[in-house]
Amino acid sequence: MTKNPLDYVRPNILALAPYSTARDEFKGGDISVWLDANESPYDNGVNRYPDPHQHQLKQHIAELKGVRPEQIFVGGAGSDEAIDLVYRIFCRPGEDNVVAIAPSYGVYSVAAAINDVEYRGVQLRSDFSLPVNRLLKAADPRTKVIWICSPNNPTANAFPRADIARLAEAFDGIVVVDEAYIDFSERGSMLDVLDSYPNVIVLQTFSKAWGLASLRLGMAFACEDVAALFSKVKYPYNVNGSTQLKVIEHIAGDDIAEHVAEIIRERDALAAMLRELPFVSEVFPSDANFLLVKVAGPDEVYDYLVENGVIVRNRSRLLACEGCLRVTVGTPQENARVISLLKEYSGNNLQTS
Ligand SMILES: *Cc1c(COP(=O)(O)O)cnc(C)c1O
């Protein structure tokens, strides 16, 4: 059964007539005098409003990702903007709910709370695999969205595409797949199923593999109807002009393959070295640019690293991540420094115990 994603949209959003900017009314032509938007006429490089539809940027992203420009939403506050829009488009405050894997990225639940939407976390299996049936069981007729993060933050594993596809087939609602780390994974992206699964939304970002976290450009990919809803609900000029230009420059000029390959090599080497340390009980397999590492005394290890100028993420108080630190893969020099510090820590602890 092919689903119509418009069935899941809030009625007020379906009926919404979006704000029309000065530049929406402009239909093209050879204009040399711009007096339509109350801008300053003095050219300082940034005095004009940017393209509210990000046409050029979407053209570049479409080519890069092998999708049509009409399937793309871009947000100038990173993926967080797309996450918030999912709630605002599909979930009626105080009525609807969402289901999500747990543990996962914290923004899904915060955005749910902001939008007054009930958030139902479903624990991953103990091997961190996807509990498809339990996710479906947690849903009821008021569940509009299921959140999947693959590769998942913080567990680092990606889920089989077939599991996600099965969920999208069985669930009568929207399945969002957050692929912030997909470039580091051998499992393919779900972008190529968007035409067969109109209830799937894929999130990606320029913040991780592309190394452009400071520019804050996030993306959502969906069928044309859903992408059009994102455009309707977003803030009119939601991506600033400098970011649009910068990202186009990086897409046209950068080849990220070498950096991604180095991060993957370093990740696997770092994992192997961490496994040698006596206070490390587990390094979970990673499809991302970070490692989830289970240690004895996580707070002590964390503090020791901080004292020595290295910061990692302490995830040890997260259900199912007890004892775990999350370590981002750095440059070869940075990773070597972490390993040497941890060896030193382990030596110190042997002496004192
Ligand atoms: C880092 C990350 C993002 C990206 O966030 P941006 O706001 O685009 O920088 C999205 N999802 C997950 C799970 C992440 O870990």
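All ligand and atom numbering here is 1-based and tracks the order in the structure. Since we're looking at a predicted model, the values are computed, not measured. Side-chain atoms are counted along with the backbone in the values below, which use heavy atoms only and exclude waters and symmetry mates. The residues of the chain are indexed from 1 along the displayed sequence.
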N/O of D178 under 3.5 Å from N/O of ligand 1, yes or no?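 Indeed, backbone or side chain, D178 has an N or O that close.
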
Is it the case that atom CZ in R313 sees more than 12 heavy atoms from other parts of the structure closer than 6.0 Å? no

Ring pair (Phe, Tyr, Trp, His ring centres under 6.0 Å) between Y87 and W147, worked out: CA-CA 11 Å; Y87 286 105; W147 292 95; 5.5 Å; yes

Does the side chain of Y345 reach to within under 4.5 Å of the side chain of V295, using non-hydrogen atoms?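 Y345 vs V295: side chains apart.
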
Which residue and heavy atom of the protein sit nearest [atom], plus the separation:
atom: atom 15 (O) of ligand 1; value: Y181 OH, 2.6 Å
atom: atom 9 (O) of ligand 1; value: S207 OG, 2.6 Å
atom: atom 3 (C) of ligand 1; value: K208 NZ, 3.3 Å

Could you pull out all residues at least two apart from E118 that satisfy side-chain contact (heavy atoms from CB on, under 4.5 Å)?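 Partners of E118 by the side-chain contact (heavy atoms from CB on, under 4.5 Å) criterion, ordered by chain and then number, come out as N97, R120.
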
Can you list the atoms of ligand 1 that are under 4.0 Å from a heavy atom of [X]?
X: A180; value: 2 (C), 3 (C), 10 (C), 11 (N), 12 (C), 14 (C)
X: R216; value: 6 (P), 7 (O), 9 (O)
X: C149; value: 13 (C)
X: N153; value: 13 (C), 15 (O)

Nearest 0.5 angstrom please: T155 OG1 to N152 CG, how far?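 CG of N152 is found 3.5 Å from OG1 of T155.
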
Test side-chain contact (heavy atoms from CB on, under 4.5 Å), reference E179, set I148, V202, L203, T205, output is V202

